[in-house]
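Since the structure comes first, as structure tokens, the remarks are kept for the end.
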Amino acid sequence: MTDETRARISTDLAGQVAIVTGAARGLGRAIAQTLAGAGAKVACVDVNQQTLADTIDAIRASGGTAEPIACDVTDSGRVSEVVTEVVDKWGALDILVNNAGITRDTLIMRMKDDQWDAVIGVNLRGTFLFTRAATRPMMKGRRGRIINIASVSGLMGNPGQANYSASKAGVIGLTRTVARELAGRNITVNAIAPGFIATEMTAALGQEILDGIRKQIPLGRLGQPQDVADAVLFLASQAAEYITGHVLSIDGGLTA
Ligand code: NDP
């Protein structure tokens, strides 16, 4: 196993089936590899199937089970099809990680309608569509874990990210409500609010801005994708069975 696939907590997810959206790179790839490393079969969803090759190859090379699935998370019909395909193939759906997300940053006075709509569409509508579609098989299986990747921007706001922070605050509200709706069905629903994690999304901010951000983080560094993947693994594990409706910040102390 490579450092990327080695989980720093250990749990056995053998026999469980997971869907991870936005699995081609960044946090989604680390999450997919970590769940597969713990024994889950992982359906790796991304908007473009070709970009999933590295994730799938890495999982299979470590002896894990993964399938690439092309799906735009904003496409309601396709999302339902994907959940059906996964359940038909592997017999159940135990874990859903809503991770696909985008940014279209600009100040509110310059924000175009399409920048607003695109971000709300992928980050919030996509999370809603996959959550709704996953509910039926999880209820049938009498268990489930839904883990939504929100952001500290959804908790504290961030200039230039009105669309993004609104979408992530929406994800947090969705998480808390669906947690209450599904608790009686033994399905837990939690959110993770990452701070600044080293991925292509944050690399786009540029070195100067990242140096400034680093100074504001009490632990003095950006997070790594594995920091978030370990938290997902914990929330997916049996150890987290009494946790639902929670928002877990993984931010080096930024919001402390
Ligand atoms: P990346 O941009 O590195 O990866 C996001 C992935 O999602 C890409 O593979 C992208 O595909 C895919 N994607 C985009 N749109 C869609 C869509 N419509 N349907 C399916 N897949 C799609 O992001 P990160 O890994 O950095 O972020 C992952 C999640 O974590 C996001 O929800 C983000 O908001 C959140 N987050 C990230 C933080 C960070 O610091 N990195 C901090 C806080 C939260 P493609 O590139 O082909 O478009």
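Values below: all heavy atoms of this structure, side chains included; hydrogens, waters and symmetry mates excluded. Being a predicted model, the structure only gives us computed values, none of them experimental. Order of appearance sets the numbers: ligands from 1, and atoms from 1 within every ligand.
Among V47, L27, T103, I213, the residue whose heavy atom lies closest to atom 47 (O) of ligand 1 is V47. Closest heavy-atom approach to atom 32 (O) of ligand 1 among the candidates D72, N99, I149: N99. Among C71, A118, G126, the residue whose heavy atom lies closest to atom 20 (C) of ligand 1 is C71. Comparing heavy-atom distances from atom 44 (C) of ligand 1 across C44, G101, A150 singles out A150 as nearest.
The existence of a salt bridge linking R78 and E85 is confirmed by a sub-4.0 Å separation between a basic side-chain nitrogen and an acidic carboxylate oxygen.
Taking a 4.0 Å cut-off on heavy atoms, G195 registers as neighbouring ligand 1. By the 4.0 Å heavy-atom criterion, T51 is excluded from the residues contacting ligand 1. At least one heavy atom of K168 lies less than 4.0 angstrom from ligand 1.
Counted within 6.0 Å of CZ on R185, heavy atoms from surrounding residues, nucleotides or ligands total 12 or fewer; the atom is thus considered open. More than 12 heavy atoms of other residues, nucleotides or ligands lie within 6.0 Å of CG in D114, so this atom counts as buried by the packing criterion. Around the CZ atom of R60, the shell of radius 6.0 Å holds more than 12 heavy atoms that belong to other residues, nucleotides or ligands. At most 12 heavy atoms of other shown residues, nucleotides or ligands fall within 6.0 angstrom of atom CZ in R180.
By the 3.5 Å distance cut-off applied to N or O atoms, S151 is not counted among the residues near ligand 1. Between D46 and ligand 1, an N or O atom pair is found at a separation short of 3.5 Å. Not a single N or O atom of G28, backbone or side chain, sits closer than 3.5 Å to an N or O atom of ligand 1. Considering backbone and side-chain atoms together, T199 places an N or O closer than 3.5 Å to an N or O of ligand 1.
Residue F196 approaches ligand 1 through these ligand atoms, each under 4.0 Å from one of its heavy atoms: 40 (O). Here is the list of ligand 1 atoms found below 4.0 Å of a heavy atom in A24: 9 (O). If you number the atoms of ligand 1 from 1 as listed, the ones under 4.0 Å from a heavy atom of G26 come out as 25 (O).
The protein atom (non-hydrogen) at minimum distance from atom 43 (C) of ligand 1 is P194 O, 3.4 Å. When hydrogens are left out, the protein atom nearest atom 19 (N) of ligand 1 is V73 N, 3.0 Å; that is the closest non-hydrogen contact. Looking from atom 7 (O) of ligand 1 to the surrounding protein, the closest heavy atom is G22 CA, 3.4 Å. At the top of the distance list for atom 34 (O) of ligand 1, counting protein heavy atoms only, stands Y164 OH, 2.5 Å. Residue, atom and distance of the protein heavy atom nearest to atom 14 (C) of ligand 1 are I102 CG2, 3.6 Å. For atom 23 (O) of ligand 1, the nearest protein heavy atom (residue, atom name, distance) is M201 CE, 3.7 Å. When hydrogens are left out, the protein atom nearest atom 40 (O) of ligand 1 is I197 N, 2.7 Å; that is the closest non-hydrogen contact. For atom 45 (P) of ligand 1, the closest non-hydrogen atom on the protein side is R25 NH2, 3.9 Å.
Side-chain contact annotation: R29 with T55, donor-acceptor N/O pair under 3.5 Å present. In summary, the side chains of T34 and Q226 do present a donor paired with an acceptor at a separation below 3.5 Å, with no hydrogens or angles considered. With no hydrogens or angles considered, a side-chain donor-acceptor pair links N98 and T131 at under 3.5 Å. A side-chain donor from one of Q161 and D105 sits under 3.5 Å from a side-chain acceptor of the other.
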Next on the checklist: Checking C71 against F130 for the side-chain contact (heavy atoms from CB on, under 4.5 Å) test, could you report, in this order, the C-alpha distance in whole Å, the side-chain angles of both residues, the deciding distance, and whether it holds?
Outcome noted: CA-CA 11 Å; C71 169; F130 257 105; 4.1 Å; yes

Checklist entry - Could you go step by step and tell me if D94 and R145 meet the salt bridge (Lys or Arg N to Asp or Glu O under 4.0 Å) rule? => result CA-CA 6 Å; D94 304 285; R145 295 291 164 89; over 6 Å; no

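Using modelled atom types, one side-chain atom of T21 and one backbone atom of N99 make a donor-acceptor pair closer than 3.5 Å.
With respect to V47, the side-chain contact (heavy atoms from CB on, under 4.5 Å) criterion is satisfied by exactly one of D72, I102, D75, L52: D72.
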